[in-house]
Amino acid sequence: MKISCLPVSIFGDVCSGKMDIVDWAREAKSMGYDGIDISIMFLENRTPTYLAELKRQLNALQMPIIMMTTYPDFTHPDPVQREREMLYLKADVALSSELGIRYLRILAGQAHTGVSRQDCVNWVSNAFHEIDAYGKRFGVGLLFENHGKPGAWDNVDFTFEPQNFLEICRRTQDTDIRINFDTGNITAHGEDPRDILPEVIDRVETIHVTDMAERGVFSPTVIGTGVTPNREIFQMLKTAGFDKWLCIEEASGRGLPGIQAAHDYVKETWEKA
């Protein structure tokens with residue numbers, strides 16, 4: 001089993017320039033990770049010289065970018081903004097292709113007030129069908145996540161409510177979009193991820209391994225110390241024959257030591273599950 005990590009605990013350092021993507025890759029390699037995940041916010045620019053140098057240095061380290069996370073908002077009530085969001089996402093697909101990134105994590109959008117559930121589902125479904133063709137054209141795997149709340153947004157994700165996530169999954173079964181299943185977000189919503197996983201397990205491509213300190217509260221903690229049943233989820237995945245990437249989302253706020261602890265816990269727990 002291969003393990004990568006989205007290092008939320010050091011987002012501030014990377015986005016401020018204290019660290020860069022190559023620094024993160026070096027740290028991750030020293031910890032035993034097989035690849036790295038990044039946010040679109042990590043990239044300094046999109047110039048050919050910057051991208052070429054980034055690829056060169058990552059290739060020299062032999063640390064590939066497995067997943068890049070991006071933040072499309074297809075539930076926005078303004079149709080012009082939804083069109084902008086599609087253009088932004090298409091650019092992110094092209095960028096992923098340029099950098100050789102295997103997966104691009106996509107989202108439904110924010111839980112905006114005053115917008116009906118059915119409108120949101122329809123808008124997201126239509127957008128996902130459009131971007132699906134674009135992902136296939138550029139050879140980038142698109143992954144839909146049951147998400148919580150990124151710092152890039154004012155509101156929680158529309159799919160923080162698991163039934164909204166499942167409805168969009170049903171409406172996009174005819175696409176090649178796969179699932180990045182987050183273990184902790186469902187716990188944070190107050191439900192059990194073991195009840196939701198069986199409904200989408202045939203489309204799960206990657207696992208965002210996260211942990212919450214309390215059920216029903218968005219409370220990221222050191223992975224392995226919270227209430228999210230990751231060990232049992234790993235057992236379910238093994239039974240189903242899952243053999244793809246465990247993409248840790250480390251958000252404990254403990255910096256690099258927390259990222260190392262997450263790797264060691266996930267590796268050992270998967271092996272023993």
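- Side-chain contact between P193 and I233 is present, with heavy atoms from C-beta onward closer than 4.5 Å.
- For the residue pair I248 and A262, the shortest heavy atom distance occurs at CD1-O, 3.7 Å.
- Formation of a donor-acceptor pair under 3.5 Å by the R215 side chain with backbone atoms of T228 is not found in this model.
- Residues V227 and L197 do not share a hydrophobic cluster, defined by chaining ILVMFWY side chains whose heavy atoms lie under 4.5 Å apart.
- Side-chain contact between V156 and F218 is absent, with no heavy atoms from C-beta onward closer than 4.5 Å.
- Under the 4.5 Å side-chain criterion, counting only non-hydrogen atoms from C-beta, L89 is in contact with I106.
- In this pair, F165 and F144 present their aromatic rings tilted. The plane angle is within the 30 to 60° band.
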Is there a ring pair (Phe, Tyr, Trp, His ring centres under 6.0 Å) between F234 and W270? Walk through the geometry before answering.
CA-CA 6 Å; F234 288 176; W270 177 267; 5.3 Å; yes

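- With hydrogens and angles ignored, the 3.5 Å screen pairs a side-chain donor or acceptor of N185 with a backbone N or O of N146.
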L58/L99 under side chain to side chain contact (heavy atoms under 4.5 Å, CB included): CA gap, chis, key distance, verdict:
CA-CA 10 Å; L58 291 176; L99 289 173; over 6 Å; no

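- Atom SG of C120 is separated from atom CD of Q110 by 10.5 Å, given to the nearest 0.5 angstrom.
- Looking only at distances, a side-chain donor or acceptor of Q260 sits under 3.5 Å from a matching main-chain atom of M31.
- Listed for the E249 side chain is no donor-acceptor partner under 3.5 Å among the backbone atoms of T210.
- S39 and Y71 form a side-chain donor-acceptor contact under 3.5 Å, judged by distance and modelled atom types alone.
- Contact check for I259 versus Y33: side-chain heavy atoms found under the 4.5 Å cut-off.
- To the nearest 0.5 Å, atoms OG (S4) and CZ (R102) are separated by 9.5 Å.
- Pairing each heavy atom of I196 with each of P162, the nearest pair is CD1-CB, 4.0 Å.
- When all heavy atoms are compared, the tightest approach of P77 to V115 is CB-CG2, 3.9 Å.
- Using modelled atom types, one finds no donor on one side chain facing an acceptor on the other under 3.5 Å when comparing E167 with Q163.
- Not one N or O on the side chain of T183 forms a donor-acceptor pair closer than 3.5 Å with the backbone of V209.
- No single ILVMFWY cluster, assembled from side-chain heavy atoms under 4.5 Å apart, contains both V200 and F160.
- Considering Y50, W24, F11 as possible partners of F42, the one that fulfils the ring pair (Phe, Tyr, Trp, His ring centres under 6.0 Å) test is F11.
- Only one option out of H147, H208, E205 pairs with N180 in a side chain to side chain donor-acceptor pair (under 3.5 Å); it is H208.
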Do R203 and T175 pass the side chain to side chain contact (heavy atoms under 4.5 Å, CB included) test, and can you show the C-alpha distance, the side-chain angles, and the key distance before you say yes or no?
CA-CA 11 Å; R203 289 178 66 185; T175 71; 4.1 Å; yes

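- Taking all atoms of both residues into account, the shortest heavy-atom contact from H129 to R171 is CE1-O, 3.2 Å.
- Two residues are said to be in side-chain contact when any heavy atoms from C-beta on lie closer than 4.5 Å; I38 and V14 fail this criterion.
- Checking side-chain atoms of R254 against main-chain N and O of A261 turns up no donor-acceptor pair under 3.5 Å.
- With contacts defined as side-chain heavy-atom distances shorter than 4.5 Å, the pair Y134/L142 does not qualify.
- Partners of K267 according to the salt bridge (charged side-chain N to carboxylate O under 4.0 Å, His left out) rule, which considers only residues two or more places apart in sequence or in another chain, are E271.
- Taken to the nearest 0.5 Å, the CD1 atom of I40 stands 3.5 Å off from the CE atom of M68.
- At least one side-chain heavy atom of W153 sits under 4.5 Å from a side-chain heavy atom of L107.
- The minimum heavy-atom distance linking V93 with I131 is given by the pair CG2-CD1, 4.1 Å.
- Applying the salt bridge (charged side-chain N to carboxylate O under 4.0 Å, His left out) test to every pair with at least one member in residues 115-143, sequence neighbours left out, gives these pairs: K90-E130, D132-K136, K136-D176.
- Taken together through direct or relayed side-chain contacts under 4.5 Å among Ile, Leu, Val, Met, Phe, Trp and Tyr, M236 and M1 form part of one hydrophobic cluster.
- Hydrophobic clustering (side-chain heavy atoms under 4.5 Å, transitive across Ile, Leu, Val, Met, Phe, Trp, Tyr) groups L246 together with I186.
- Here the straight-line distance linking atom CZ of F128 with atom SG of C169 works out to 9.0 Å at 0.5 Å rounding.
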Show the numbers, then the answer: is there a side chain to side chain contact (heavy atoms under 4.5 Å, CB included) between M63 and E27?
CA-CA 10 Å; M63 282 297 284; E27 293 287 356; over 6 Å; no

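- A donor-acceptor pair under 3.5 Å links the side-chain atoms of K55 to the main chain of E98, judged by distance alone.
- Within 6.0 Å of NZ in K238 there are more than 12 heavy atoms belonging to other residues, nucleotides or ligands.
- Between the side chains of E250 and S9, at least one donor N or O sits under 3.5 Å from an acceptor N or O.
- Residue pairs meeting the salt bridge (charged side-chain N to carboxylate O under 4.0 Å, His left out) criterion with at least one member in residues 60-84, sequence neighbours excluded, do not occur.
- Of the candidates L6, L61, I65, I65 is the only one forming a side chain to side chain contact (heavy atoms under 4.5 Å, CB included) with I36.
- The hydrophobic cluster analysis finds Y88 isolated: no Ile, Leu, Val, Met, Phe, Trp or Tyr side chain comes under 4.5 Å of it, directly or through other members.
- Every residue two or more places apart in sequence or in another chain that forms a side chain to side chain contact (heavy atoms under 4.5 Å, CB included) with A251 is listed here: V8, P220.
- Here OG of S116 is found 7.5 Å from CG of N122. Values are rounded to the nearest 0.5 Å.
- No salt bridge links D20 with R26; every basic N to acidic carboxylate O contact stays at or beyond 4.0 Å.
- Between atom CG of residue L54 and atom CD1 of residue I21 there is a gap of 5.0 Å, rounded to the nearest 0.5 Å.
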Going through the checks in order, is the side chain to side chain contact (heavy atoms under 4.5 Å, CB included) test met by L104 and D92?
CA-CA 8 Å; L104 182 65; D92 292 342; 4.1 Å; yes

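- For S219 (side chain) and V217 (main-chain N/O), a donor-acceptor pair under 3.5 Å exists by modelled atom type.
- Side chain of H263 to main chain of G32: a donor-acceptor pair is present (N/O by atom type, distance under 3.5 Å, no hydrogens or angles).
- A donor-acceptor contact shorter than 3.5 Å is absent between the side chain of D13 and the backbone of K18.
- Nearest heavy atoms, E85 versus P72: OE1-CA, 3.6 Å.
- Put simply, the side chain of F181 does not reach to within 4.5 Å of the side chain of I201, judged on heavy atoms.
- Hydrophobic cluster of I66: the remaining members, joined at side-chain heavy-atom separations below 4.5 Å, are M67, Y103, L143, W245, listed by chain and number.
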